[in-house]
Number of protein chains: 2
Amino acid sequence: MSRQDSGVAVMAEQKQPNRERIVATANRLFYTKGYNQTSFAHVADELGLSKGNLHYHFRSKNELLDAVIDLRMESIKQMLARWEKQYPDGKARLKRYARILLNEEADVVRYGCPMGSLNMELAKDQRDLQQHSRDMLELFRRWLEKACKQIGRRDYRALSLHIMARSQGAAMMAALYADVGLLKAEYKRLVDWIEML
Amino acid sequence: MSRQDSGVAVMAEQKQPNRERIVATANRLFYTKGYNQTSFAHVADELGLSKGNLHYHFRSKNELLDAVIDLRMESIKQMLARWEKQYPDGKARLKRYARILLNEEADVVRYGCPMGSLNMELAKDQRDLQQHSRDMLELFRRWLEKACKQIGRRDYRALSLHIMARSQGAAMMAALYADVGLLKAEYKRLVDWIEML
DNA sequence: GTCTATATGTAGATAGAC
DNA sequence: GTCTATCTACATATAGAC
């Protein structure tokens, strides 16, 4: 499975305009260190650029976050479109979503879900920033909702939220215990449950 | 249900030695703002104390975190002991755990699970700090494990982790969508599932 | 125990030279 | 576009007076 599936490690960070390299590096650091724990200096250092350069491209850290979220959303949209082609069946689509946890299992076990952990961090006292971040969740949720409708479920909204809650819980616990076995076990449970729908 | 059940709002913050008032206020702010987003100045201001005073009681922010975790763990232990008296039956105990989400639903919807969100924040690049924080999770997990054994389950460890994953996922999604209905729906699903065990 | 003052580092952000 | 220099604010932490 390609690294593109995570929605985080989206592109190589070399041989691109600096603006894109900055977004790619910020994307990675926001994931591995957290948004509030990542500074312009960190990003600049990793790229061998100056802080001033970063501020030329992004007036504020806020703007940089928006760019990172836009990048992730673009990546997510492409992934979901790919899945729609590969899996015509509704249940197969739900199962493919569940499997996302295993794609980047090494990262998930260390840093949690990129979407979930960023959202939760911002939800606490930066709800204005979280608004945009939640759009990422909504991309997945609406896609799941559609798949649920497809298999004839009337409770498609509730189902889509439940499936996301299950995957978020799995990613979180796996990260807190740094245990990939936990991730695999929760994946299996979720797939079995989807099969019974 | 008393406010004590959350493990966060543990005691009144008045008419106590300043050391305890500091821990209680830090406890609350670490929850509502996050650990890294809370400074000594914030805690001191809320109490009308000086920063120097805080540093007299706690040499470092690290130490303050340890004190907060110890406070929460003491509160959790008492709560679990109370539950053991009130609910002799294993399944009833599992259901009581599930209901914890609803006790402080207004807070959970705004700030997530106090344990889970703190752990996840620290798990990213402060794994040393997370070690202590994870002890809180272990208190619950071992308690759940015991209840699972009680109902004759051989997969008690896996079950205990699954139940925690479900509750963490529910708390997280409810916070990200600021939706108490989501919390209630996930609670109902979890209780129904426990009933079928 | 509590305060003020201070040291030291870092964060986000701007100005201006090249 | 990119750099250096700088501003201002704030963070953690210490020293010493009361």
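A, B, ... follow the sequence lines: proteins, then strands. Residue 1 opens every chain.
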Can you give the donor-acceptor pairs under 3.5 Å from side chains of residues 188-197 of chain A to other protein atoms, not counting sequence neighbours?
residue	atom	partner	partner atom	Å
A:K188	NZ	A:D192	OD2	2.8
A:E195	OE1	A:K95	NZ	2.4

How long is the span from the OG1 atom in B:T25 to the CD atom in B:E20, to the nearest 0.5 Å?
11.5 Å

Of the options D:dA11, C:dT2, D:dT2, whose atoms approach the side-chain atoms of B:S50 most closely?
C:dT2

Between B:E84 and B:K146, does any NZ, NE, NH1 or NH2 come within less than 4.0 Å of an OD or OE carboxylate oxygen?
yes

May I ask you to test the A:K184-A:E105 pair for a side-chain heavy-atom distance under 4.5 Å?
yes

Does the side chain of B:R96 pick up a donor-acceptor pair with the side chain of B:Q86 at under 3.5 Å?
no

Among residues 123-133 of chain A, which ones have heavy-atom contacts with DNA chain C below 4.0 Å?
none

To the nearest Å, give me how far apart CD (B:Q37) and P (D:dA11) are.
9 Å

Enumerate the residues from residues 55-66 of chain A whose closest heavy atom to DNA chain C is under 4.0 Å, giving them by residue number; use none for an empty result.
A:H55, A:R59, A:S60, A:K61

To the nearest angstrom, how far is B:L47 atom CG from C:dG1 atom P?
16 Å

With a 4.0 Å limit, can you tell me whether B:N18 has a side-chain N or O closer than that to the phosphate oxygens OP1/OP2 of C:dG1?
no

Looking only at the side chains, is there a donor atom on one of B:K124 and A:S117 sitting less than 3.5 Å from an acceptor on the other?
yes

Side chains of A:R127 and A:L122: closer than 4.5 Å at any heavy-atom pair?
no

Atom-to-atom span, NZ of B:K51 to P of D:dT12 - whole angstrom:
9 Å

Between D:dA11 (C1') and B:D45 (CG): distance, integer Å:
13 Å

Taking CG from B:N53 and P from D:dA17, how many angstroms apart are they, rounded to a whole number?
18 Å

Heavy atoms, side chains only, cut-off 4.5 Å: are A:H42 and A:S39 in contact?
yes

Hey, is B:E145 close enough to B:R142 for a salt bridge, meaning N to O under 4.0 Å?
no

Compare side-chain N and O positions of B:S39 against OP1 and OP2 of D:dA11 and report whether any pair is under 4.0 Å apart.
yes

Between P on D:dA9 and CZ on B:F40, what's the gap in Å once rounded to a whole number?
23 Å

Atom NE2 of A:H42 to atom C1' of C:dT10: distance rounded to whole Å?
9 Å

